Amino acid sequence: MNYWLMKSEPDVFSFEDLKACIKQTEPWDGIRNYQARNFMRDDMRIGDLILFYHSNTNPPGVAGIAQVASKPYPDPTAFDKKSKYFDPKSDPKNPRWILVDVSFKADIVRQVSLEEMKSMPELVNMRALQRGNRLSIMPTTRSEFQAIKKAGQSSL
DNA sequence: GCCAACGTTGGC
DNA sequence: GCCAACGTTGGC
């Protein structure tokens, strides 16, 4: 079991939006960063738990808990000329961009803000909090996940 | 392979 | 809107 933090701008796709999806499952499309892609392609397993993080909002922070819901497969938006994620360099025979489906797992009672995360001694080494790290998908340790789950009073 | 220019992310 | 950080692109 691996643990992850995945960022989303709530104006684009929020944790509430995920809950409202059919089957509460949604393809995590539009990732156009190789490191983030590699995490999905190589390291994610169905059932891995995800801290769903809201970025570019006030305040930013963890809004809920999701899980990996599919094996990796090619991101269809890369081949969709109408999509803003269309990538003419991605060959359908050798897809460049890979995603997984993500599904709702559990609510947290209170959001855990970035400010609060920075104040938590359990998270001093958390990768997502290191300066300059803009990756939208990052591995998280079990203890970091548990600390945030506890701070958010999740029922999980 | 180097690196300058440019684009994006994301907190503030 | 600003800007630091960092990824990508493309000329050479």
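Source: prediction; values computed, not measured. Quick note on labels: first sequence line is chain A, next is B, and so on, each numbered from 1.
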Check the distance between C:dC6's P and A:Gln130's CD and give it to me in whole angstrom. 11 Å
On DNA chain C, nearest-nucleotide positions of A:Arg96 versus A:Asn56: which is more 5'? A:Asn56
Rounded to whole Å, NZ of A:Lys84 lies from C1' of B:dG7 at a distance of 15 Å
For A:Leu135 and C:dA4, give me the distance from atom CG to atom C1', rounded to whole Å. 16 Å
Check whether the side chains of A:Ser55 and A:Arg134 place a donor and an acceptor atom closer than 3.5 Å, and report yes or no. no
Please tell me whether A:Tyr85 and A:Trp28 form a close aromatic pair, meaning their ring centres lie under 6.0 Å apart. no
Rounded to the nearest Å, what distance is computed from the NZ atom of residue A:Lys118 to the C1' atom of nucleotide B:dG10? 11 Å
Look at atom CD of A:Gln130 and say whether more than 12 heavy atoms of other residues, nucleotides or ligands are closer to it than 6.0 Å. yes
According to a strict under-4.0 Å criterion, is A:Lys89 in side-chain N/O contact with OP1 or OP2 of C:dT9? yes
Heavy-atom closest contact (A:Arg127 atom, A:Asn133 atom, distance): O-ND2, 3.5 Å
With the side chain defined as heavy atoms from C-beta on, A:Tyr34 is closest, among C:dT8, C:dG7, B:dG11, to C:dT8
Send over the distance from A:Asn58 CG to B:dG10 P, rounded to a whole Å. 16 Å
Over how many whole Å does the gap from A:Glu116 atom CD to B:dG11 atom C1' extend? 17 Å
Can a side chain N or O of A:Tyr53 be found less than 4.0 Å away from OP1 or OP2 on B:dG11? yes
Within this structure, what is the CZ-to-P distance between A:Arg37 and C:dT8, rounded to whole angstrom? 10 Å
Roughly, in whole Å, what's the span from CG in A:Asn133 to C1' in B:dT8? 14 Å
Whether A:Lys7 contacts B:dG10 is assessed here as follows: a side-chain N or O lying under 4.0 Å from the phosphate OP1 or OP2. Is that the case? yes
